[in-house]
2 protein chains.
Amino acid sequence: MLEINAPKITCPNCKLSELCLPYGLQKDEVAQLANIVKNKRPLQTDELLYSQGQACQSLYAIKSGSFRSFITTSEGVEQTMGFYLPGELMGLDSLQHGRFTCTTQALETASVCELPIIHLNELCAQIPSLQTQLMRILGKEISSDHDKIILLGHRTAKEKMATFLLMLSHRYNALGFSSTTFNLSMSRQDIANFLGLTIETVSRQLAFLSKQGVITVKQRGIQINNLDLLNTIVNPCPIHYVVNE
Amino acid sequence: MLEINAPKITCPNCKLSELCLPYGLQKDEVAQLANIVKNKRPLQTDELLYSQGQACQSLYAIKSGSFRSFITTSEGVEQTMGFYLPGELMGLDSLQHGRFTCTTQALETASVCELPIIHLNELCAQIPSLQTQLMRILGKEISSDHDKIILLGHRTAKEKMATFLLMLSHRYNALGFSSTTFNLSMSRQDIANFLGLTIETVSRQLAFLSKQGVITVKQRGIQINNLDLLNTIVNPCPIHYVVNE
DNA sequence: CGTACAATTGAGAATCCTCAAGAGCAGTGG
DNA sequence: CCACTGCTCTTGAGGATTCTCAATTGTACG
């Protein structure tokens, strides 16, 4: 097969390197890392990157596009675990047993870097700062899961919706995109499932925020008109949960 | 201060080593690991092992007793993140920024092994199987967080309660204790907070399961009379969530 | 034995879900 | 160009679950 002459993006010239594994590494170390990266062909919308239960040989870093990861329980119930944006690492949950515990699906056309775990481990032993960075990313994964637990545990539908929008806002901002205007790559159904709500409730909460003037919604297009107010919604102050009360 | 002549338990003669970091290590490697372990004095009930925001120098493995970890949000709302039993590693969430993101509190008299991170990292570089095991434990932490997300996202109060009891049952079983008779080391308030419910709902669900004869409740003493039925409650089959329907 | 705290139980209220219908938009074909 | 189909999303009404508030019971400890 002929290779189209697209400029090959690898770690040393990747704009996402500050968010991804190369962060904190020396130039030559980044080059070493780039050596073990396998480029995969782009994925189409709805295409699966990997499936729950599959043996895990590699981790995947997103170059472009976005993904939804979800678990299908024994009863066939889907739970969306999260959404992944460029620069983020997918597959970390599989480190326990060497099998993916989630299925990961492209929400739009997307491209990823494949990082074979064997080589990554070897490199970690050689490059302490890579090990540190991998640990940091693992820690981030854990703490972002913690955020989700708080979100699902003690938040009303309105707070969940506002938090979800702010989460995306922050992450887009970190990527250098606008923090106030962005397009949702996921459907209402995906959002509802992620937040532990129904699609109708998501729709109603968006309508409510829209009526308040906090956001403007046009299909999947979101514009945040009042970040402060959105933050206020996320941080209410229920007296009955206050410590030592 | 005089040292009471208690037999000093370290990794090589610790009964929990199969569940803890030493798993999969050679004898001499376990000894090396034991060398970096600092023994801390026992903790009393309600005593804090570490607090949210504190700089994290060490991870902690539980020798005996149990812990509750929780996050206090900016509004002062507490969210219980999880409960830790012997053989489990605490502090992993801090690997991202080097600061604890949770506060961890003893639910009863407890003792822990302190694992200085610097030394642990050095040892990981020397002992590949230790690094593998640490990764495995990190993966387990992530996948147990995923279980919590599913629990909070798509479960009714009854299912949450049943799942909680089964979770404990499995973990006690793994520790060599009875999987059907155990004492809860946490209060109803702790359980409620963990499950995203109110204390009244927890109480009512326990009463309900008790009336059904599935369990017997005597204060914090729990006896599971029908494990199968409890499993059935956890695995209902809501048609509307089924994939491709 | 009385106090303090934890847990249970009851009644009414609020939130979110369920079911059902309608609106908006993209793609297809006449 | 417009109707038709299919899909996603929105909107409405009623119902179920869980929360809130309040009172009571139970247990531990001085």
Side-chain angles (χ1 to χ4, degrees), chain A residues 45-46 68 77 107-108 151-164 183-212 215-222 233 236-245, chain B residues 44-46 68 77 80 107-109 151-165 183-211 215-222 233 236-242 244-245:
Chain A
T45 305
D46 291 340
R68 172 177 86 101
V77 179
L107 289 168
E108 56 198 312
L151 185 63
L152 292 169
H154 283 296
R155 300 293 188 186
T156 64
K158 193 187 301 177
E159 290 161 23
K160 284 180 179 179
M161 199 62 238
T163 306
F164 178 73
N183 280 301
L184 301 174
S185 54
M186 67 293 286
S187 69
R188 299 287 193 271
Q189 176 61 65
D190 292 338
I191 298 171
N193 188 284
F194 176 65
L195 295 175
L197 300 170
T198 57
I199 187 171
E200 294 95 331
T201 302
V202 166
S203 190
R204 272 185 258 267
Q205 293 306 327
L206 283 175
F208 182 85
L209 289 171
S210 202
K211 248 172 225 159
Q212 303 274 313
I215 58 172
T216 305
V217 183
K218 263 201 194 121
Q219 291 293 112
R220 301 221 176 159
I222 298 284
I233 292 169
C237 204
I239 296 154
H240 34 285
Y241 283 132
V242 168
V243 197
N244 298 330
E245 237 287 315
Chain B
Q44 300 303 312
T45 305
D46 290 340
R68 172 177 85 100
V77 179
T80 298
L107 289 168
E108 57 198 311
T109 309
L151 185 63
L152 292 169
H154 283 296
R155 299 293 189 185
T156 64
K158 193 187 302 177
E159 291 162 21
K160 283 180 180 178
M161 200 62 238
T163 306
F164 179 74
L165 293 174
N183 280 303
L184 301 173
S185 54
M186 67 293 288
S187 68
R188 299 288 192 270
Q189 177 61 64
D190 292 338
I191 298 171
N193 188 283
F194 175 66
L195 295 176
L197 300 171
T198 58
I199 187 170
E200 293 95 331
T201 303
V202 166
S203 191
R204 271 185 259 267
Q205 293 306 327
L206 283 174
F208 182 85
L209 289 171
S210 203
K211 247 173 227 160
I215 60 172
T216 305
V217 184
K218 260 198 194 125
Q219 290 294 111
R220 299 212 177 169
I222 297 284
I233 293 169
C237 204
I239 296 155
H240 32 287
Y241 283 131
V242 168
N244 300 329
E245 240 288 313

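Each chain gets a letter, A, B and so on, in the order the sequences are listed, and its residues count up from 1. No hydrogens, no waters, no symmetry mates; every other heavy atom, side chains included, goes into these values.
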B/V217 and B/I222: side chain to side chain contact (heavy atoms under 4.5 Å, CB included), yes or no, with the steps?
CA-CA 5 Å; B/V217 184; B/I222 297 284; 4.2 Å; yes

Show the numbers, then the answer: is there a side chain to side chain contact (heavy atoms under 4.5 Å, CB included) between A/R155 and A/F164?
CA-CA 11 Å; A/R155 300 293 188 186; A/F164 178 73; over 6 Å; no

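Rounded to whole Å, atom P of D/dC9 lies 10 Å from atom CG of A/L206. Across the protein-nucleic acid pair, A/L107 atom CG and D/dT8 atom C1' stand 15 Å apart, rounded to whole Å. As a whole-Å value, the separation of A/I199 CD1 from C/dA20 C1' is 14 Å. Taking atom CD1 of B/I191 as the reference point, atom P of C/dA6 lies 13 Å away to the nearest angstrom. Protein atom CG of A/N193 is 17 Å distant from nucleotide atom C1' of D/dC9, rounded to whole Å. Regarding A/D46, its CG atom lies at a distance of 13 Å from the P atom of D/dC7, rounded to whole Å. The CZ-P distance, from A/R220 to D/dT10, rounds to 10 Å in whole Å. When rounded to the nearest whole Å, the span between CD1 of A/I222 and C1' of D/dC9 equals 12 Å.
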Tabulate atom names and distances for all N/O pairs under 3.5 angstrom spanning the protein and nucleotides 12-16 of chain C.
from: C/dC16; atom 1: OP1; to: A/A157; atom 2: N; distance (Å): 2.6

Can you give me the N/O atom pairs linking the protein to nucleotides 12-16 of chain D at distances under 3.5 Å, or say none if there are none?
from: D/dG12; atom 1: N7; to: A/R204; atom 2: NH1; distance (Å): 2.8
from: D/dG12; atom 1: O6; to: A/R204; atom 2: NH2; distance (Å): 3.2

N/O-N/O pairs, protein side and nucleotides 22-28 of chain C side, under 3.5 Å:
none

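Nearest approach of B/T45 to B/L107, heavy atoms of both residues: CG2-O, 3.6 Å. Across A/L151 and A/F194, no two heavy atoms sit closer than the pair CD2-CE2, 4.4 Å. Among all heavy-atom pairs drawn from A/A157 and A/T201, the shortest one is CB-CG2, 3.7 Å.
Under the side-chain contact (heavy atoms from CB on, under 4.5 Å) test applied with A/L197, the options A/R204, A/R188, A/K160 reduce to a single match, A/K160.
To the nearest 0.5 Å, atom CD1 of residue B/I233 and atom CE of residue B/M161 are 11.0 Å apart.
A distance-only check finds a donor-acceptor pair linking the side chain of B/R220 to the backbone of B/S185 [under 3.5 Å]. Although no hydrogens or angles enter the test, the distance criterion places a donor-acceptor pair under 3.5 Å between the side chain of B/T163 and the main chain of B/E159. Without hydrogens or angle criteria, A/H154 side chain to B/N193 main chain gives a donor-acceptor distance under 3.5 Å.
B/S187 comes within 4.0 angstrom of sugar-phosphate atoms only, judged by non-hydrogen atoms across all strands, and of no base.
In the set C/dA6, D/dT10, C/dT9, D/dT10 carries the atom at the smallest distance from any side-chain atom of A/S203.
Side-chain contact between A/D190 and A/S187 is present, with at least one heavy-atom pair separated by less than 4.5 Å.
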